[in-house]
Amino acid sequence: MPRMVILDGNSLANRAFYALPPLTTADGRPTNVLHGFLTMLFRLEQEQHPDYWVVAFDKTKATVRIEQYAGYKAQRKETPEGLRPQFDYLKEILAELDVPMLELAGYEADDLIAAVTKQAEAQGMEIQVYTGDRDALQLISPKTHIFLTKKGISDVECYDEHVLWERYQLRPYQIIDLKGLMGDTSDNIPGVPGIGEKTALKLLWEYETVEGVLANADKVSGKKLQSNLKEYADQARLSKTLATMLTEVPLPFSLDNFIYRRPQASKVLPVLKKYDLKNVTRLWQERYTNDGETTEENSEMVVQAWSERELSEEGWLTQIEQWQTSREPLTLACRYEGTGLQGGRWLEWGVAVLGESFKLTREEASTQVIKAWLDLLENDKVPKILADSKTVSLLLGNEGTMLKGVVLDLSLASYLIQSSRTKFAPLDLVKEYAPKQDVFKSVSEEAAALAQVATKFKEELHTLGLADLLHTVEEPLSLVLAQVERQGIGIDVDQLKHFGEGISITLRQLEQDIYALAGNTFNINSPKQLGTILFEKLGLATAKKTKTGYSTDAETLEELRLAHPIIEKILDYRQLNKLMSTYVNGLLAQEKNGRIHTTFQQTVTTTGRLSSTEPNLQNIPIRLEQGRLLRKIFHPTEPDWVLLSADYSQIELRILAHYSQDPLLCESFALGQDVHTRTAAEVFGISLEDVTQEMRRSAKAVNFGLVYGLTEFGLSRDLGIPRKESKFYIEQYFKRYSGVKRYLESVVAQAKQEGQVRTLLNRLRRIPELFHSNRTQRQLGERIAMNTPVQGTAADIMKLAMIHVAEGLKPFRAAILLQVHDELLLQVAPEDLESVAGLLKEKMENAFPLSVPMTVDCKVGPNWYDMKAYKPEE
DNA sequence: CCCTTCACG
DNA sequence: ACGTACGTGAAGGGG
């Protein structure tokens, strides 16, 4: 099917103008719109390969709509100074690019777009409309998709009938009714007073159209609303008319004028140069020179439409029966409501296998078919491929169903292949190999597409040596995480509220004190207002750092502590306010039945660590006593059980020792010494007994810095010492620990050669920063190269340990509650405490033996605050 | 929506 | 001369 891409020139130019900083040529002509528009154009051309394309522009004189309504667009501001000339520049460039343009006296871009869309549809084309204007959603059809700019300009979001329905529960034709009711201030479409988006949607869900709403004005709830609907009925109908895009535009030529022609360098490069468009030129060259075209065409796949088979009830039962024994992998797509534990419930399944696809809908299937289907999901002999299996298994769990037999989780696979990715939804995964795929028309098409890219993912996993990591670590771990999330941790709501009340009282007092000291009230939480008070009103020492104003962070304030009594109050206030808003209120908002269930993200970090959200339970305060007290509210979910924690001691330094094989560092761990004291002794050239607390503190900071990629700046800031001194420490360190030095240098060297680093379990991180044009970025790249193998290996080992622990826990009354990077928190029945602690220590220490010993320390207590060291018997 | 600040490993 | 420690998530302000 030929593909037509239509761009709304005015809307996109406006977007670009406001989204981008005011760039200019050397002689001062504005060019930000050119940058934005052309970047988007090139990207779209590369990803979509249009067969036809056109940019539509307004030709505003005496539009048809002004005849209908004098106020139309009356409110619209004059085209801003910097934007107007850019339309001419843009048209000049588009002409050189051989991109067809369309404008017609008396019509807006909108109407031209509608008209072209209609013609193109009639000729059986697939149409994509790019615009920032939501009005265009009315054009959506099975053949027409709308790409709305999100933030900025080149980031777009594809809307089809399904997406529209999911967002608004509206059909495309209702978009004009929506506008009719709520109006549009930017076009000065009045709508009905008092009706915004929320109300308009509610009315349309009930009565479908403006006419339907007006006819039922008596029935709607709310007196004011009723009278407004009656009073402004005509205005609503007029607004709807104004919002309707005109399709009956006399287009003077055929669509053949819009056939895509490949731009020619001889014409394009001069005009890009004329407007100083360096970045755009670079994009152009990447796209059209050095045979980018051919290699890309070769690697790009197109998803085939698999035949979709409809099954009768009998058909389903026999088919499921066959799948139960065929051993053929089923690729599954699941549509659901809610999110995992939060009210997750499946609605539809897509199944793809052997070139055929199927759709199972909850509403339509008989109970018998559903039962057979769920049995199939629970059969671990039936191999399954799907994306984000953790969420799917959690939502199935809500209704007592298990998901077993997952042999490939595509989201996790994609994360290992490209850990810097941020999107892992099915469509994003498919687009990775089939960039032309913009949308799934059905859940069965989704499954078929996933099945086809699954092959590519498997190839890629093997090429990169990541299959083992996926199958032996990430996939089994996702099952463990699902259990942990469902389990949740116990929390004492009353105690938390009480804690919050205490804080509130102090907070109110501090607030009053601060206002008194400042001489007036202001918003203490606003760095901007606070900066004004401190540095202008009170005239405190000129701010140390600025970026978008005065810096008021704790580090800056700490230096001003003695300068004014208000500083200390503000620091206290900040600390307590953080506790109150993030922790007290944040946790209370998440509590359900005395428990909190976090979500562990397994595809977020670039190093392989987990992250925790909604709420984040990996950053519960511990460093300061005031915050640490909060840990009292976390307790086991079972009465009389206890919390058991186990944390790796110095795991990252041990990994560094293993990698570097530095004799001193290895010896230190082999002998079970305090590694910071030993480091101090080496750096200061004294015996262990002579190391002071101060020296140990310095050495500890050096050790800390090592894993981050040590810098003089960082160390001097951390220890509050001059750069000279930190430089000295680092030199001394590397003199004694020359193996560490050699190792770190070799990691960086290898990373620069390969553009990537790996962890012990082969986890991969690419480091484009190493080749960045900016020196700071390149240095960051070097630190990443030093840090990632260490941090990532620690993550690998912990993940492996979690899998072994979860397995070993089965005979016992115990459960994992949390993972905090180098710590596991469990709850255990007292009678199993000793066995479980022994098991925990054993599994964690031996998860992946290194050339230096691993040490795990256990603690036990009734809550997460009152934890006492616990040594299980051997 | 981006920035600042601050909580953790 | 510049600007930096590595990896995260949440809340609040303000454009």
Side-chain angles (χ1 to χ4, degrees), chain A residues 18-19 150-152 155 419-420 522-531 545-557 570-571 573-587 589-590 598-601 604-624 626-628 630-631 647-648 650-652 656 701-702 704-719 723 726 730 757 765 767 769 774-792 794-795 798 818-824:
Chain A
Y18 290 108
K150 274 205 290 204
K151 54 165 189 205
D155 198 6
S419 57
S420 60
F522 64 101
N523 188 342
I524 310 170
N525 291 322
S526 161
K528 197 179 165 187
Q529 293 182 32
L530 181 61
K545 306 185 289 181
T546 69
K547 236 175 210 160
T548 58
Y550 303 106
S551 174
T552 68
D553 61 12
E555 198 191 335
T556 312
L557 295 186
I570 290 169
L571 286 166
Y573 175 91
R574 279 255 177 91
Q575 205 194 323
L576 290 180
N577 194 56
K578 175 86 176 175
L579 286 178
M580 194 64 199
S581 59
T582 303
Y583 297 103
V584 176
N585 295 334
L587 291 175
Q590 300 278 351
T598 185
T599 303
F600 284 106
Q601 306 292 342
V604 168
T605 72
T606 45
T607 53
R609 278 188 174 181
L610 300 179
S611 83
S612 155
T613 58
E614 289 183 332
N616 182 353
L617 292 184
Q618 288 181 321
N619 71 346
I620 301 302
I622 188 165
R623 292 171 188 171
L624 299 174
Q626 226 168 0
R628 187 178 194 146
L630 199 92
R631 295 189 167 220
D647 69 287
Y648 281 110
Q650 304 297 344
I651 186 168
E652 295 191 342
L656 184 63
V702 171
F704 235 92
L706 272 174
V707 258
Y708 296 153
L710 203 54
T711 68
E712 290 166 25
F713 173 87
L715 186 62
S716 71
R717 187 154 68 54
D718 227 44
L719 286 173
R723 286 279 284 264
S726 64
I730 294 171
V757 290
R765 177 174 183 180
I767 313 181
E769 290 87 346
N774 171 314
R775 195 178 64 110
T776 312
Q777 282 294 305
R778 284 199 303 276
Q779 287 174 334
L780 171 65
E782 294 182 7
R783 293 195 297 271
I784 291 172
M786 294 187 260
N787 170 263
T788 298
V790 174
Q791 188 183 125
M798 176 54 112
L818 293 177
Q819 185 251 47
V820 191
H821 310 305
D822 63 357
E823 170 187 3
L824 281 184

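Naming: A, B, ... by sequence-line order, numbering from 1 per chain.
- Between A:Q626 atom CD and B:dC6 atom C1' there is a gap of 15 Å when expressed in whole angstrom units.
- With 3.5 Å as the limit, one finds a donor-acceptor pair spanning the side chains of A:Q819 and A:Q618.
- In A:F704, the CZ atom is not crowded: 12 or fewer heavy atoms of neighbouring residues, nucleotides or ligands sit closer than 6.0 Å.
- Contact record, A:T613 with A:T598: O-OG1, 3.1 Å, taken as the closest heavy-atom pair.
- Closest to the A:T605 side chain, of the nucleotides B:dT5, B:dG9, C:dT8, is C:dT8.
- Note: A:L587 CG to A:N616 CG = 10.0 Å, rounded to the nearest 0.5 Å.
- Among the heavy atoms of the strands, none lies under 4.0 Å from A:T788.
- Considering every non-hydrogen atom in both A:N525 and A:Y573, the closest pair reads OD1-CE2, 3.4 Å.
- Scanning atom types as modelled, one donor and one acceptor separated by under 3.5 angstrom connect the side chain of A:T711 and the base of C:dA5.
- When each of C:dC6, B:dT5, C:dT8 is scored by its nearest atom to the side-chain atoms of A:T552, the top-ranked nucleotide is B:dT5.
- Between the CD atom of A:Q819 and the P atom of B:dC8 there is a distance of 17 Å, given to the nearest Å.
- A:V820 comes within contact range of the sugar-phosphate backbone alone, with a heavy-atom separation under 4.0 Å but no base atom that close.
- As a whole-Å value, the separation of A:I651 CD1 from C:dG7 C1' is 15 Å.
- Residue A:I784 is in sugar-phosphate contact alone, with no base atom involved, counting any heavy-atom pair closer than 4.0 Å across all strands shown.
- Across all strands, A:N616 comes closer than 4.0 Å only to sugar-phosphate atoms, never to a base (heavy-atom distances).
- Here the C1' atom of nucleotide C:dG12 and the NZ atom of A:K578 are 10 Å apart, to the nearest Å.
- Comparing the same atom, P, in C:dG3 and in B:dT4 gives a spacing of 13 Å after rounding to whole Å.
- Across all strands, A:E614 comes closer than 4.0 Å only to sugar-phosphate atoms, never to a base (heavy-atom distances).
- Across C:dA5, C:dT8, B:dG9, the shortest atom-to-atom separation from the side chain of A:R609 is found for B:dG9.
- Taking only side-chain nitrogens and oxygens, A:R765 comes nearer than 4.0 Å to OP1 or OP2 of C:dG7.
- OP1 or OP2 of C:dT8 lies within a sub-4.0 Å distance of a side-chain N or O belonging to A:T606.
- At a threshold of 4.0 angstrom between heavy atoms, the contacts of A:R778 with the nucleic acid are absent.
- A:E823 comes within contact range of no nucleotide atom at all, as no heavy-atom separation falls under 4.0 Å.
- A:S612 contributes a side-chain N or O that, together with a main-chain N or O of A:L617, makes up a donor-acceptor pair within less than 3.5 Å.
- Dashed line: the shortest gap from a side-chain N or O of A:S526 to OP1 or OP2 of C:dG12 is not under 4.0 Å.
- Nucleotides C:dC2 and B:dA7 are separated by 30 Å at their P atoms, to the nearest Å.
- Dashed line: the shortest gap from a side-chain N or O of A:R574 to OP1 or OP2 of B:dC6 is under 4.0 Å.
- Rounded to whole Å, atom P of B:dG9 lies 14 Å from atom CG of A:L824.
- Counting to the nearest Å, the P atom of B:dC6 and the CD1 atom of A:I524 are 14 Å from each other.
- Side-chain N/O atoms of A:Q779 and base N/O atoms of C:dG3 include a donor-acceptor pair closer than 3.5 Å.
- When the side-chain nitrogen and oxygen atoms of A:R717 are compared with OP1 and OP2 of C:dG3, none of them lie within a distance under 4.0 Å.
- Nucleotide B:dT5 holds its P atom 18 Å from the CG atom of A:N619, rounded to whole Å.
- Contact of A:Q791 with C:dC6 (side chain to base): a donor-acceptor pair of N or O atoms is detected under 3.5 Å.
- Between the side chain of A:S716 and the backbone N or O of A:F713 there is at least one donor-acceptor pair closer than 3.5 Å.
- Without hydrogens or angle criteria, A:R723 side chain to A:E712 main chain gives no donor-acceptor distance under 3.5 Å.
- Among the nucleotides B:dA7, C:dG13, B:dC6, the one closest to the side chain of A:N525 is C:dG13.
- Going from the C1' atom of C:dA1 to that of B:dC6 covers 30 Å, rounded to whole Å.
- Using a 4.0 Å heavy-atom cutoff across all strands shown, A:N523 reaches sugar-phosphate atoms only and no base atom.
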query: Pairs counted as Watson-Crick or G-U wobble with both distances under 3.5 Å: what dot-bracket string results for DNA chain C, using | for bases tied to another strand?
result: .....|||||||||.

Side chain to side chain contact (heavy atoms under 4.5 Å, CB included) assessment of A:R574 paired with A:L557: CA-CA 11 Å; A:R574 279 255 177 91; A:L557 295 186; 3.8 Å; yes

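- The listed nucleotides are C:dG7, C:dC6, B:dT5; the one nearest the side chain of A:P527 is B:dT5.
- A:V790 comes within 4.0 angstrom of nothing in the nucleic acid, heavy atoms only.
- Using a 4.0 Å heavy-atom criterion, one finds that A:A794 contacts no nucleic acid atom at all.
- If you take CD of A:Q575 and C1' of B:dT5, they are 13 Å apart, rounded to a whole angstrom.
- Taking only side-chain atoms of A:R723, from C-beta outward, the nucleotide of C:dG3, C:dG7, C:dG14 with the closest atom is C:dG3.
- Among the protein residues, A:L715 comes within range of the nucleic acid bases, having at least one heavy atom under 4.0 Å from a base atom.
- Within a 6.0 Å sphere centred on CD of A:Q590, heavy atoms belonging to other residues, nucleotides or ligands number more than 12.
- In this model, no side-chain donor or acceptor of A:R783 finds a partner on the base of C:dG7 within 3.5 Å.
- The side chain of A:S611 places an N or O atom within less than 4.0 Å of a non-bridging phosphate oxygen (OP1 or OP2) of C:dG9.
- Here the closest non-hydrogen pair linking A:D718 and A:A701 is OD2-CB, 4.4 Å.
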